[in-house]
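What follows is a set of notes on a single structure, which appears directly below.
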Amino acid sequence: MVLGQNRIASRAPYDVIVLGAGAAGMMAARVARERARRVLIIDHNAEPGRKILISGGGRCNFTNLGTAPDRFISANPHFAKSALGRYAPQDFVALVEAHGIAWHEKTLGQLFCDGSAQQIVAMLLDECAGVDFALGHSVRDVGHSDAMFTVSHGERTDAAPALIIATGGPSIPKLGATSFAYDLARRFGLKVVEPRPALVPLTLSSADALFQALSGVATQVVTRAGRAAFREAALFTHRGLSGPAILQASSYWRHGEPVMVDFAPDAPPDWLATVKRARPRLSLKAALAETLPARLAEALAGRLGLAGQLGGQSDRALMDAARALKDWRFTPTGTEGFAKAEVTVGGISTDGLSSQTMMARKVPGLFAIGEAVDVTGWLGGYNFQWAWASGVAAGGAV
Ligand code: FDA
């Protein structure tokens, strides 16, 4: 039976039911189907892979060549190693190439489609030939007895000995994102690490109104957050801060903590004193404007409060100003929340899952993969790589 996007060939009874037709769910379904499992994938959206479609500005940043476990945030930083080690970015690139999809490296190891993210969804659907898709209906209930999982969805109830939770995290609800994975995991006795919006713009208080007035200004900075440092662009917005460097830092940020921004990443500590000796009549604002956008230079010089020519400042004051520019501390009031967050930090605790197979240790046959799990990648294709790798791990084990 084919119903719109639905592909129900009535292969029931199934060996595997996958909840969520996103990146991780479709990858797991594909691998399970390759292993001759009868697979049903269920999604409440009418079309699969909606986040893939809008990802990477419509071109899907589908992996990152720099993938390494330390580029993922998790309460257990070792958990992702096994799956990532067994399914590398090159494996996904080989799949993409086998489908004739042209790609390019944009920057920092980030691989994008030359054409459209639609190609990645089409590829996954093609790879899922033989998988039944039930789209457009919410999951009403999930039961478990006699080693079988039953899932009621729409007008149907299906059953299988394996159930894969791949319903992602709550980021961007308008795309169909929910906290369903966490509720279900809790029902099966799994713990959930507190979910927080990540890769999300930060908001500033009225004390930083000066910077909000710079809305639209972007500059290269280094942000420091936790043990990580990100050298990318920061963007001032009317609500606060955004741009890749800030989004990266947001994943590590906790309420009440400052975010450190280095506005002069390449400058030595005595650079302002050196400029003073060479050009004593230059103002601080003009000196800053040689490397920073003019409006930002003006705002920073105003905050530093060194009026007049550099020649009139002591070396010590200039050293202090240079130090402040390298370690500017913004204390955000919050984030723009799940409505604007690309991903979620936290999720189903890895404590209860096998890192080899993603199966719940205490509930044989139950798996959790992708963003639903407490593994969150940096910006730049890492989150899809985790979705593919964890999907392959579960699909190979069901
Ligand atoms: P995903 O969210 O993809 O899939 C979950 C599926 O479950 C969805 O189809 C949803 O409809 C379904 N679902 C949810 N609740 C349900 C319920 N109750 N019942 C039934 N179905 C349910 N990453 C990256 O690496 N490179 C990039 O370029 C981008 N770009 C990007 C842009 C934007 C705007 C966003 C919001 C996110 C990104 N990401 C990204 C992150 C990336 O999209 C994300 O990490 C993956 O899609 C996660 O894959 P999953 O399959 O785990 O969840």
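What's counted below: heavy atoms across the whole structure, side chains too, no hydrogens, waters or symmetry copies.
Residues Y87 and W388 place their aromatic rings such that the two centres sit no closer than 6.0 Å. The distance between the ring centers of W386 and Y382 does not fall below 6.0 angstrom. Note: Y14 and F149 fail the aromatic proximity criterion, with ring centroids not under 6.0 Å apart. Taking the six-membered ring where the residue is Trp, the centroids of F384 and F62 are separated by 6.0 Å or more.
Counting only distance, with no hydrogens or angles, the side chain of T219 and the backbone of L292 share no donor-acceptor pair below 3.5 Å. A donor-acceptor distance shorter than 3.5 angstrom exists from the side chain of D91 to the backbone of A88, with no hydrogens or angles considered. Judged purely by atom type and a 3.5 angstrom limit, S250 has no side-chain atom pairing as donor or acceptor with the backbone of P201. With hydrogens and angles ignored, the 3.5 Å screen pairs no side-chain donor or acceptor of R38 with any backbone N or O of A160. Side-chain atoms of R140 come within 3.5 Å of backbone atoms of G154 as a donor-acceptor pair (strictly under, hydrogens ignored). No donor-acceptor pair under 3.5 Å is formed between the side chain of D315 and the backbone N or O of A273.
For K81 and D70, the salt-bridge test fails: no basic side-chain N is under 4.0 Å from an acidic carboxylate O. Between R33 and D15 there is no salt bridge, since none of the side-chain N atoms of the basic residue sits less than 4.0 Å from a carboxylate O of the acidic one. Salt bridge R279/E290: present, at least one basic N to carboxylate O contact under 4.0 Å. A salt bridge links D266 to R231: at least one charged side-chain nitrogen sits closer than 4.0 Å to a carboxylate oxygen.
Across S55 and N61, no two heavy atoms sit closer than the pair OG-N, 4.3 Å. Nearest heavy-atom pair, T335 versus P197, reported as atom, atom and distance to 0.1 Å: OG1-CG, 3.8 Å. Across every non-hydrogen atom of L204 and Q212, the tightest pair is O-NE2, 2.8 Å. L53 approaches P48 most closely through the heavy-atom pair CD1-O, 4.5 Å. Between V259 and P332, the shortest heavy-atom distance links the atoms CG2-CG, 3.9 Å. Between A307 and Q313, the shortest heavy-atom contact is O-NE2, 2.8 Å.
R71 and T67 share no side-chain donor-acceptor pair at under 3.5 Å. A donor atom on one side chain and an acceptor atom on the other are found under 3.5 Å apart for Q385 and T63. Residues Q110 and E105 bring no donor and acceptor atom of their side chains to less than 3.5 Å of each other. For the residue pair S215 and T237, no side-chain donor N or O sits within less than 3.5 Å of a side-chain acceptor on the partner. Between T157 and S152, the side chains place a donor N or O and an acceptor N or O closer than 3.5 Å (distance only, hydrogens not considered). Using a 3.5 Å distance cut-off with no hydrogens or angles, the side chains of T344 and S171 do pair a donor with an acceptor.
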Might you work through the ring-ring contact (aromatic ring centres under 6.0 Å, His included) test for W378 and F72, ending with a clear yes or no?
CA-CA 6 Å; W378 286 3; F72 293 82; 8.6 Å; no
Evaluate Q248 against E232 for side chain to side chain donor-acceptor pair (under 3.5 Å), listing each step before the verdict.
CA-CA 9 Å; Q248 298 277 33; E232 293 191 66; 3.2 Å; yes
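In this structure, the separation between CG on L288 and CG on L296 is 8.0 Å, given to the nearest 0.5 Å.
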Name every donor-acceptor pair, under 3.5 Å, that has one atom in a side chain of residues 119-131 and the other anywhere in the protein, sequence neighbours excluded.
from	atom 1	to	atom 2	distance (Å)
Q119	OE1	S116	N	3.0
E127	OE1	R30	NE	2.6
E127	OE1	R30	NH2	3.4
E127	OE2	H99	NE2	2.6

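Under the 30°/60° scheme for interplanar angles, the aromatic rings of F236 and F211 are found to lie parallel.
The environment of NE2 in H238 is sparse: at most 12 heavy-atom neighbours from other residues, nucleotides or ligands sit within 6.0 Å. By the 6.0 Å contact criterion, CZ on R361 is enclosed, its count of non-hydrogen atoms from other residues, nucleotides or ligands being greater than 12. Environment of NZ in K326: crowded, with over 12 heavy atoms of neighbouring residues, nucleotides or ligands closer than 6.0 Å.
Under the 4.5 Å side-chain heavy-atom criterion for grouping Ile, Leu, Val, Met, Phe, Trp and Tyr, L379 is not connected to F230 through any hydrophobic cluster. Tracing side-chain contacts under 4.5 Å through hydrophobic residues (I, L, V, M, F, W, Y), one never reaches I246 starting from V200; they form parts of separate clusters. Linking Ile, Leu, Val, Met, Phe, Trp and Tyr whenever their side-chain heavy atoms come within less than 4.5 Å leaves L284 and M319 in two separate clusters.
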